[in-house]
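Below: one structure, written as structure tokens.
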Amino acid sequence: MKTTALGRIALATGITALTAGLFPASAHADDAVVERRTLPVLVEFADSAFQHPDKVKESTPETYFGAKKDSLASFFTELSRGRYRVTPAVDGQYAGPITLPMDASCDASKINTLTQEALAGQGLVRGEDYDSLSMVFPAQKTGCDWAGLGSVPGPYTWINLYGTDSGLGVVGHEFGHNLGLGHQTRSLCADGDLAGCETAGTSAKSIMGGGGPAAGISAPEMIRAGWLTDGETVKVTASGTYTLRSLHGEGDGVRALDIPMGEDRLVVEYRHAAGSFDQDIEGVHAYRVPGGDYGASTLIDVTEANKTAGNDAPADADAVTRLTDRASKVSLAVVSSGDGRAEVEVALDGEALSTAGKTPEKTSAPAPEHTGTDTDAGDGLPDGADGTEVQGGGQGQEASGTEDAGNLAATGGDSGTLPLAVGGAGMLVVGAGALLLIRRRKQA
Ligand SMILES: [Zn+2]
């Protein structure tokens, strides 16, 4: 039987009590380095074991803690610029396999309870011995309509493992939910006025918005995670022109403008290739942050470029050049953009932009600030994966509500909303739904 959105929310409510108090509502980046002792645990069912347990045992430490750029630890270290560290909670880096006293099922709550009981029997207690628990189990008989599930925020992830390695595309996304991040959608505001926007698809600017690991996460999500210092985020209180450096680049400088927009916030970033990130994202982008919930931002797209992570639209196809929110009397215009920095003019209180009518100056061709050597990172698939990653689905079945509600968000959709699988490692965004990463073995 399929788990309905309501079912998931109910289930999530049950888990709220477990997660309450573990996570602060917001985090602050300055100086603090957060270390998360993470415990992947291999879990089998009474009626279903891993088909290739040795390969799962081999891939698990690599996926979570490996030195390569496509491990979870490397991903978060680079993304947070050293502020957030995922470290192994146990010497062997993972626990299990544990056989749970239950048949294969998608009952995430039951899997969680029984797994924690079994771990406690081995002397591993949550909060004392580990902070984050990632339950990895064979997908063959579970019937789950998702490849991964993560509590929002919280310490739990569930990996419904197809094949032998879920890869960073799924694990990184679920751990993003644990940071308090929901799915990142796209708002089409075709006439450049934010009054008449329609939600359509995903941002493609974040691993939480169908962008895969190569997109990292966006500026509002970096704020939610606590990975921008106060000096890196300017809270705009007056009209003026501001200089941004690239969100994921090295060095110091302002990386986000945080602008009041009625009850909401408008967060502006500049994206440019840096390290493992943004090889295919360039330019100034803006996000609406509803009611100050930085984990629930949506990309504001005033173009008709239909840029996705999977098509070949130019890297800056949906970059902002100017936009206006008449309701809150906020306007912005990009004065210049390129080569790792951008200048953005912001006008508050209905004041006029001095750059009105001008086309922003583009500073030469985008060039990476520094180039990573591991070109694998970011395609969402591990080396030699036999999986196919597709995206699609409907956000109706997602439970990514308020950040303090402690709920679950699935990676996956029900079969009615899933797109056809695409060949190879391609990515496909389908329909106006959200951002689900489903990993499936190819059909035999
Ligand atoms: Zn998700």
Side-chain angles (χ1 to χ4, degrees), residues 2-5 7-9 11-12 15 19 23 72 75-76 79 106 108 112 132 134-136 139 144-162 166-186 199 201-218 220-221 224-225 293-299 308-309 380 387 389-403 405-414 417-419 427-440:
K2 278 175 187 158
T3 312
T4 62
R8 287 209 183 110
I9 291 163
L11 196 148
I15 285 171
T19 59
F23 281 76
L72 180 70
F75 177 68
F76 277 155
L79 200 51
C106 253
N112 188 6
S132 289
S134 189
M135 293 154 273
V136 181
C144 305
D145 55 11
W146 39 265
L149 197 64
S151 50
V152 187
Y156 304 120
T157 50
W158 293 258
I159 306 297
N160 183 40
L161 187 65
Y162 295 90
S166 56
L168 180 59
V170 172
V171 176
H173 177 94
E174 301 312 334
F175 274 75
H177 285 312
N178 284 179
L179 291 168
L181 308 179
H183 289 158
Q184 191 170 66
T185 55
R186 175 184 298 252
T199 302
T202 59
S203 72
K205 300 294 174 285
S206 167
I207 195 172
M208 307 310 293
I217 58 176
S218 65
E221 296 169 316
R224 175 64 182 87
D293 181 356
Y294 294 91
S297 59
T298 181
L299 176 76
T308 68
E389 185 169 281
V390 297
Q391 303 180 334
Q395 49 190 347
Q397 53 186 304
E398 295 291 330
S400 55
T402 59
E403 61 195 31
N407 58 31
L408 303 178
T411 294
D414 68 37
T417 59
L418 279 177
M427 300 179 78
L428 178 66
V429 174
V430 171
L435 40 136
L436 308 172
L437 296 165
I438 291 278
R439 167 172 293 279
R440 299 190 141 176

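Below, each value reflects all heavy atoms present in this structure, side chains not excepted, and no hydrogens, waters or symmetry copies. Whatever order the structure lists them in is the order used to number ligands and atoms, beginning at 1. Only a predicted model underlies this, so the values are computations on that prediction, with no experimental measurement involved.
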Legend entry - Student check: side-chain heavy atoms of L181 and V152 closer than 4.5 Å: no

Legend entry - All pairs passing salt bridge (charged side-chain N to carboxylate O under 4.0 Å, His left out) where residues 205-215 contributes a residue, at least two apart: K205-D318

Inset, instruction - Would you indicate whether the side-chain heavy atoms of S151 and N178 approach each other to under 4.5 Å? - result: yes

Inset, instruction - Among the N/O/S atoms of H177, select the one at the shortest distance from the Zn ion (ligand 1) and name it. - result: NE2

Inset, instruction - Check H173 and report its N/O/S atom nearest to the Zn ion (ligand 1), by atom name. - result: NE2

Inset, instruction - For the Zn ion (ligand 1), find the closest N/O/S atom on H183 and give its atom name. - result: NE2

Legend entry - Side-chain heavy-atom pair Q184, P220 within 4.5 angstrom cut-off: yes

